[in-house]
Amino acid sequence: MRLYNTLTRQEEEFAPLRDETVRMYTCGLTVYARGHIGNFRTFVALDVLRRALEYVAGFRIRQVMNFTDVDDRTIAESRAAGVPLREYTDQYIAAFREDAATLGLEPVEDYPRATDEENLRSMVEMIQALEANGHTYTSDGSIYFKIATLPDYGKLARLDHEGIKPGARIDADRYAKDDARDFVLWKATASDEPTWDFGVGPGRPGWHIECSAMALRLLDGAPIDIHAGGVDLVFPHHENEIAQAEGATGETFSRFWVHVEHLLFGEGVKMSKSLGNVFSVQDVLERGYRASALRYVLLSVHYRKQLRFTWGSLDQAEEALKRLIGCLARLEGIAGGADGQGGQAHPALADRVETARRDFAEKIEQDLNVPGALGVMFELVRHVNTALDDGELGPPDAAVVKTAFDGFDQVLGVMALRRAEDATPAVPVDEIERLIGERRAARARRDFAAADAIRDDLVARGVILEDTPAGTRWSLK
RNA sequence: GGCGCCGUCGCCAAGUGGUAAGGCAGAGGUCUGCAAAACCUCCAUCCCCGGUUCAAAUCCGGGCGGCGCCUCCA
């Protein structure tokens, strides 16, 4: 598996350090609001990374994704809502889980929250280690990281001191800092804010410390294999995570850094809560699009390129997906078909399938070239459809092809999602089947008006009927 | 002002030195009670200008355009 590593700005061969198990930390949401589809672009891309490492490269996975449930925003919003912080963030964690399931994200092994006591304690321990190593100073009760004490500070983002934008609002804190880029580790809190006191004085954690501490605590120490997140986290968040973890332990924090590019909305500005141009997964669903189409869109651009999202892209994805699912449905009709006339396998097709499997894996192993892999899959779709049209594809072939598609979807996770959606149609399945039976009878007595009425009625209720040589097939709009 | 990424058919998007994958849309055809699906055929020389090379969308230089980071942010 080759992966682009932000640390070296190069593609490198990846393998886990220990036990064939990938120890991966993924920055999750700050839960002051529902995540938007830009956030989920990252999460879907990292889900594909996880699946590729698991099903293509064959590694075991131990992945941690955090929830930042304490910061200026969460505190401010929960206070505005008149709800305790924990209770306030609970609802957005629940929303995340719902959206993640809707998009078919594989659950990761651990979803720690910053405010869980064992996590706060490990943050305090890390701060104490940093103090012991001389990387900190205190100002107005807050503890800061002094970047001047770490010679290779900036190695990830590659920003030098002169790169700081003149006039930028670099000193947002009320507290005095020695250097504009010094950052807070533990923030002395106002009296009416949540406060914890586990050894470095009363206060709350700075944003960056939680990830360093939780990654090392939950992934058995440095170095972890992969640390990932959206590109906007490169600086300052990930740079500061490195400073904290390496300043405290003296060891490399993470071997690989993977960053997912932004999703841009419409004419091309990033989707972000602060810009107010956000749409959630639920918003997309409410506009009548399917989650599977959204996942497809999110998948269809390489993860290191900006993805320009438009509503039209969902329409295109929907059509592409129908082509894919249509082929699968035909295949299953053959595989389970009573009219299967037996066991002649087609070596030419078997070769095609084998080639496609190999090419697909090759694309994925090349820094997750999902669009390229989709191309491979669609070429196979065409060949399979042709064989199907010519009646040259029997049950044994169908099974082989079906297995290949299942393999593709272990990585893509989009067909299974589609299937799950179709499993719960608005019209009960037995009613659909009864109506198909009635229509068949109408057609048999050449009462096409009645037959068409049944079909039209079902279309109006979101169910599409298609007549094939093997019988009538239904699918959801 | 500093750093970085990107610019491929009407739309989306792979390809990064050997002569342009795939999806959507479109045109014509086959099949079909109709419809749909499917299949076949057609549909680009890669933002511009220079350069390197036997050979460049792919490398180098210069433009033009877009976006991101430098500040909370996936």
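Numbered from 1 within each chain, the chains take letters A, B, ... in sequence-line order. It should be emphasised that the depicted structure is a prediction, and the values quoted were computed from it without experimental measurement. Only heavy atoms go into these numbers, but all of them, side chains included; no hydrogens, no water, no symmetry mates.
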With both distances kept under 3.5 Å, what pairs with [N], Watson-Crick or G-U wobble?
{"N": "B/rU53", "result": "none"}
{"N": "B/rG28", "result": "B/rC40"}
{"N": "B/rU16", "result": "none"}
{"N": "B/rG33", "result": "none"}
{"N": "B/rG4", "result": "B/rC67"}
{"N": "B/rU45", "result": "none"}
{"N": "B/rC72", "result": "none"}

Could you list the donor-acceptor pairs under 3.5 angstrom formed by side chains in residues 470-477 of chain A, with sequence neighbours left out?
{"unit_1": "A/Thr472", "atom_1": "OG1", "unit_2": "A/Asp467", "atom_2": "OD1", "d": "2.9"}
{"unit_1": "A/Arg473", "atom_1": "NH2", "unit_2": "A/Glu466", "atom_2": "OE1", "d": "3.3"}

Give a yes or no on whether a donor-acceptor pair under 3.5 Å exists between the nucleobase atoms of [N], that is its base, and the side chain of [X].
{"X": "A/Arg41", "N": "B/rA74", "result": "no"}
{"X": "A/Asp232", "N": "B/rG68", "result": "no"}
{"X": "A/Asp467", "N": "B/rC34", "result": "yes"}

> Does A/Asp367 have any salt bridge (charged side-chain N to carboxylate O under 4.0 Å, His left out) partners at least two apart in sequence or in another chain, and if so, which?
Replying inline: A/Arg304
>> A/Glu106: which residues meet the salt bridge (charged side-chain N to carboxylate O under 4.0 Å, His left out) condition with it, sequence neighbours left out?
In response: A/Arg50
Closest to the [X] side chain: [options]?
{"X": "A/His262", "options": "B/rG33, B/rA74, B/rA38", "answer": "B/rA74"}
{"X": "A/Glu379", "options": "B/rG22, B/rC69, B/rA37", "answer": "B/rG22"}
{"X": "A/Leu264", "options": "B/rC67, B/rA21, B/rA74", "answer": "B/rC67"}
{"X": "A/Arg308", "options": "B/rA37, B/rG66, B/rC70", "answer": "B/rG66"}
{"X": "A/Lys305", "options": "B/rC67, B/rC72, B/rC6", "answer": "B/rC6"}

Rounded to whole Å, please give me the gap between [atom1] in [X] and [atom2] in [N].
{"X": "A/Trp257", "N": "B/rA74", "atom1": "CH2", "atom2": "P", "value": "15 Å"}
{"X": "A/Gln306", "N": "B/rC5", "atom1": "CD", "atom2": "C1'", "value": "7 Å"}
{"X": "A/Asn385", "N": "B/rG22", "atom1": "CG", "atom2": "C1'", "value": "15 Å"}
{"X": "A/Arg443", "N": "B/rC34", "atom1": "CZ", "atom2": "P", "value": "10 Å"}
{"X": "A/Glu392", "N": "B/rC39", "atom1": "CD", "atom2": "C1'", "value": "12 Å"}

Determine the interatomic distance between [atom1] on [N] and the same-named atom on [M]; round to the nearest Å.
{"N": "B/rA56", "M": "B/rG4", "atom1": "C1'", "value": "24 Å"}
{"N": "B/rC48", "M": "B/rG29", "atom1": "C1'", "value": "41 Å"}
{"N": "B/rC12", "M": "B/rC3", "atom1": "C1'", "value": "30 Å"}
{"N": "B/rA14", "M": "B/rU8", "atom1": "P", "value": "10 Å"}
{"N": "B/rA57", "M": "B/rC9", "atom1": "C1'", "value": "14 Å"}
{"N": "B/rG66", "M": "B/rU71", "atom1": "C1'", "value": "22 Å"}
{"N": "B/rG7", "M": "B/rC59", "atom1": "P", "value": "10 Å"}
{"N": "B/rA27", "M": "B/rA13", "atom1": "C1'", "value": "23 Å"}

Describe the nucleic acid contact of [X] in one word from base, sugar-phosphate, nothing, applying a heavy-atom distance below 4.0 Å.
{"X": "A/Leu263", "result": "base"}
{"X": "A/Met271", "result": "base"}
{"X": "A/His36", "result": "base"}
{"X": "A/Thr30", "result": "sugar-phosphate"}
{"X": "A/Arg34", "result": "nothing"}
{"X": "A/Val269", "result": "sugar-phosphate"}
{"X": "A/Arg382", "result": "sugar-phosphate"}
{"X": "A/Gly326", "result": "nothing"}
{"X": "A/Leu465", "result": "base"}
{"X": "A/Asp452", "result": "base"}
{"X": "A/Phe448", "result": "base"}

List every contact pair, protein side and nucleotides 45-47 of chain B side both N or O, where the distance is under 3.5 Å.
none

Compute both the distance and the angle, then confirm whether [X] meets the cation-pi test with [Y]: under 6.0 Å from the six-membered ring centre, within 45 degrees of the axis.
{"X": "A/Arg73", "Y": "A/Tyr32", "answer": "yes"}
{"X": "A/Arg181", "Y": "A/Phe235", "answer": "no"}
{"X": "A/Arg287", "Y": "A/Trp311", "answer": "yes"}

> Within less than 4.0 Å of OP1 or OP2 of B/rA14, is there a side-chain N or O belonging to A/Asn369?
Replying inline: no
> For B/rA21, does either OP1 or OP2 sit under 4.0 Å from a side-chain N or O belonging to A/Lys363?
Replying inline: no
> Between A/Phe96 and A/Phe40, does the ring centroid distance fall short of 6.0 Å?
Replying inline: yes
> Does anything in residues 312-323 of chain A reach RNA chain B, meaning a heavy atom under 4.0 Å, and if so which residues?
Replying inline: A/Gln316, A/Glu319, A/Ala320, A/Arg323
>> Return whichever of A/Val301 or A/Thr42 has its heavy-atom-nearest nucleotide of RNA chain B closer to the 5' end.
In response: A/Val301
> How do A/His383 and A/Gly375 order along RNA chain B: which one's closest nucleotide is nearer the 5' end?
Replying inline: A/Gly375
Qualifying residues under side-chain contact (heavy atoms from CB on, under 4.5 Å), relative to [X], sequence neighbours excluded:
{"X": "A/Arg79", "answer": "A/Ile75, A/Asp192, A/Glu193"}
{"X": "A/Lys305", "answer": "A/Val301"}
{"X": "A/Ala350", "answer": "none"}
{"X": "A/Glu261", "answer": "A/Arg41, A/Val231, A/Gln306"}

>> Looking at A/Arg358 and A/Glu354, is there a salt bridge between them, counting it only when a charged N and a carboxylate O are closer than 4.0 Å?
In response: no
> Do you see a donor-acceptor pair shorter than 3.5 Å between the side chains of A/Thr68 and A/Asn66?
Replying inline: yes
> For A/Pro371 and A/Ser300, which heavy atoms make the closest approach, and how far apart are they?
Replying inline: CG-O, 3.5 Å
